[in-house]
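Structure first, commentary second.
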Amino acid sequence: MVPRFYNTLTRDKADFRPLDPSHVRMYVCGPTVYDRAHIGNARPLIVFDVLFRLLQELYRTSARVTYVRNITDVEDKINARAAERFPEMEPVAGIRRLTEETYQGFREDVGALGCLPPTVEPRATEHIAEMIAINERLLASGNAYLSEGHVLFSVPSMADYGRLSQRPLDEMQAGARVEVESYKRDPMDFVLWKPSNPSEPGWNSPWGYGRPGWHIECSAMAWKHLGETFDIHGGGIDLVFPHHENEIAQSRCAFHQPVMASVWMHNGFLQAEGEKMSKSLGNFVTIRELLADWPGEVLRLTMLKTHYRQPIDWTLKSLEESARTLDDWYWFARDLTASSPDHAVLEALADDLNTPKAIAELHGLRNAAQRSGAEADLARFVGSLRFLGFLGESAEAWAARKKEAAGVDQAAVEALVAARLAARNAKNFAESDRLRDELAALGVILKDSKDPKTGAFRTEWEVRR
RNA sequence: GGCCUCGUGGCGGAGUGGUUACGCAGCGGACUGCAAAUCCGUGUAUUCCGGUUCGAUUCCGGACGAGGCCUCCA
């Protein structure tokens, strides 16, 4: 099966062929760790986790897959926050302390979302040497220059700058909305290295004590862990310009390569209840806050119900629907053993990560298993769910978690359920129905059934979400 | 202002130049003491206006609407 992916660079879907048939390499821009990640940040984490899973499956026998997701741990917001929180510490130690703490929280969040750990999670501050090396190459090749203590990339030095974002140089309005710094030769030029004052984080370099510009870290980490060129580079669509455009400029000019990555994949944005998610509107919700109300798999399914390039309107209703679906899947799957993922699910994902189609296939597998009752069908359903990062806990744990989250007195409910069952068995239907109403008022739904073997009446309960 | 996406049923959301997936909700039936849960079945849609075509939701142009980037925001 040859996967096809939409490539922002060519604005077209094309067959994917790894540059090195024995090694598939992907890089995704990871978090800037200064604060809890919000739900918008979760989208690339989940989307590219699915891509990672797909590639591992498709190349299981022919290639290894390396997934690099960086951690940005030096940046002006980080620097400011660390100075505020740890004023007594050395600046570099201060940002380390802050980013380590934030990263631990990030790891918890991303794990709860069902994402596999990437092969490598490099930190920007551990790649200062590589950044300096790239800068030196760019200075040597004439693609960069020194000015007022800064190293700057000279955009006019690169003939085909702007290909990814399809912004012809002469049409760019740089400087129209922001004052152009005096040290730039051209308004489009961007910083590779900038001087730090002693109270700011910094490292010694051939150009003095300073710190990296925004884009250089990704070029450095991708180079170190994947090489001068690699297969797939992913991130949010907002990163197309300027971040990815500038990464491409740095890496291609430093290594004299026609491309940095063959395929550039970008996920769309989230809206919140129909409105733009923004801090000023106060509708920014963190992953952590959502995890207090919903299992991570509910967030994951909600994310994957929409194709990764489409915008998502993040709504309570959508979360509720996902929760219902997962309740059914957990109930239906019943911890059965998994076989390998279904071919149709893989086909859907291989078509530019068509996760809505893949989910439709899951429904189809579930219904097929329902009809046939065959163990092989069930195993294929379960295997496909697991492959997509669902069913991470037992059906029992899933149901128990829901009961706990509802905050009902479980012992009291059990007693009422038993009393109602006793009344029903005694054909005292008035009392039985009264107790059922009482439970309903508590948000408890009863599920009566007959044991298929013995024919005995039995009852289970759950809480309304 | 420049550039880029997108507009599908009550809701969410795919594919497709010619019978329009899938899920939720709704409706009908089975089951049930009655329900719920479950199972079976089922109605409803391609923003508008032109063009190409035997035929367009799909391709092209325009209008209207929504979102994004051009501001170190995924």
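Letters go in sequence order (proteins before strands), and every chain restarts at 1.
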### Below 4.0 Å: OP1/OP2 of B/rA25 and any side-chain N or O of A/Arg324
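For B/rA25, OP1 or OP2 has a side-chain N or O of A/Arg324 closer than 4.0 Å.
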### Query
Where does RNA chain B pair, written as one dot-bracket string 5' to 3', with Watson-Crick or G-U pairs under 3.5 Å, ( ) inside the strand, [ ] for crossing pairs and | for another strand?
(((((((..(((.....[...))).(((((.......)))))....(((((..]....))))))))))))....
Checking only heavy atoms, does the side chain of [X] share a donor-acceptor pair with the base of [N] at less than 3.5 Å?
X	N	result
A/Arg436	B/rA36	no
A/Asp433	B/rA35	no
A/Arg371	B/rC39	no

Identify whether any heavy atom of [X] sits under 4.0 Å from a base atom; if not, whether one sits that close to sugar-phosphate; answer base, sugar-phosphate or nothing.
X	value
A/Leu446	base
A/Arg424	base
A/Glu460	nothing
A/Trp329	nothing
A/Asn354	sugar-phosphate
A/Leu270	base
A/Gly40	base
A/Ser432	base

Would you mind reading off the distance between [X] atom [atom1] and [N] atom [atom2], rounded to a whole angstrom?
X	N	atom1	atom2	result
A/His243	B/rC70	NE2	C1'	17 Å
A/Asp351	B/rC22	CG	P	18 Å
A/Lys447	B/rC34	NZ	C1'	20 Å
A/Leu326	B/rG23	CG	P	15 Å
A/Glu431	B/rC34	CD	P	20 Å
A/Phe332	B/rA37	CZ	P	17 Å
A/Leu435	B/rA36	CG	P	19 Å
A/Asn267	B/rU5	CG	P	17 Å

If we take the [atom1] atom in both [N] and [M], what is their distance in whole Å?
N	M	atom1	value
B/rA35	B/rG28	P	12 Å
B/rC69	B/rC11	C1'	30 Å
B/rC27	B/rU32	P	22 Å
B/rU57	B/rG7	C1'	12 Å
B/rU52	B/rA45	P	28 Å
B/rA21	B/rU42	P	12 Å
B/rG15	B/rC59	P	11 Å
B/rC24	B/rC31	C1'	23 Å

### Query
Is there a side-chain contact between A/Arg185 and A/Leu152, using heavy atoms and a 4.5 Å cut-off?
no
Of all residues at least two apart in sequence or in a different chain, which pass the side-chain hydrogen bond (donor to acceptor under 3.5 Å, both in side chains) check with [X]?
X	result
A/Trp193	A/Ser205
A/Ser251	A/Ser219
A/Thr8	A/His266
A/Thr302	A/Ser322

### Query
What residues in residues 360-370 of chain A put a non-hydrogen atom under 4.0 Å from any atom of RNA chain B?
A/Ala360, A/His363, A/Arg366, A/Asn367, A/Gln370
### Within residues 303-315 of chain A, residues whose heavy atoms come under 4.0 Å of RNA chain B
A/Lys305, A/Thr306, A/His307, A/Gln310
Under the ring-ring contact (aromatic ring centres under 6.0 Å, His included) rule, collect the residues that match up with [X], sequence neighbours excluded.
X	value
A/Trp398	A/Tyr330
A/Phe48	none
A/Tyr145	none

### Pairwise ring pair (Phe, Tyr, Trp, His ring centres under 6.0 Å) hits with a residue in residues 108-127 of chain A, at least two apart
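Listed once each, the pairs are A/His127-A/His225.
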### Aromatic plane relationship, A/Phe332 with A/Phe381 - under 30° parallel, 30 to 60° tilted, over 60° perpendicular
perpendicular
### Query
Taking only residues two or more places apart in sequence, or in another chain, which ones meet A/Glu462 in a salt bridge (Lys or Arg N to Asp or Glu O under 4.0 Å)?
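If we apply the salt bridge (Lys or Arg N to Asp or Glu O under 4.0 Å) test to A/Glu462, skipping adjacent residues, the hits are A/Lys402, A/Lys447.
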### Message
Does the structure place the NZ or CZ of A/Arg424 under 6.0 Å from the centre of the six-membered ring of A/Phe429, at an angle of no more than 45° from the ring's axis?
### Response
no
### Interatomic spacing from CG in A/Leu116 to CG in A/Leu45 - rounded to 0.5 Å
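If I round to the nearest 0.5 Å, the distance is 12.0 Å.
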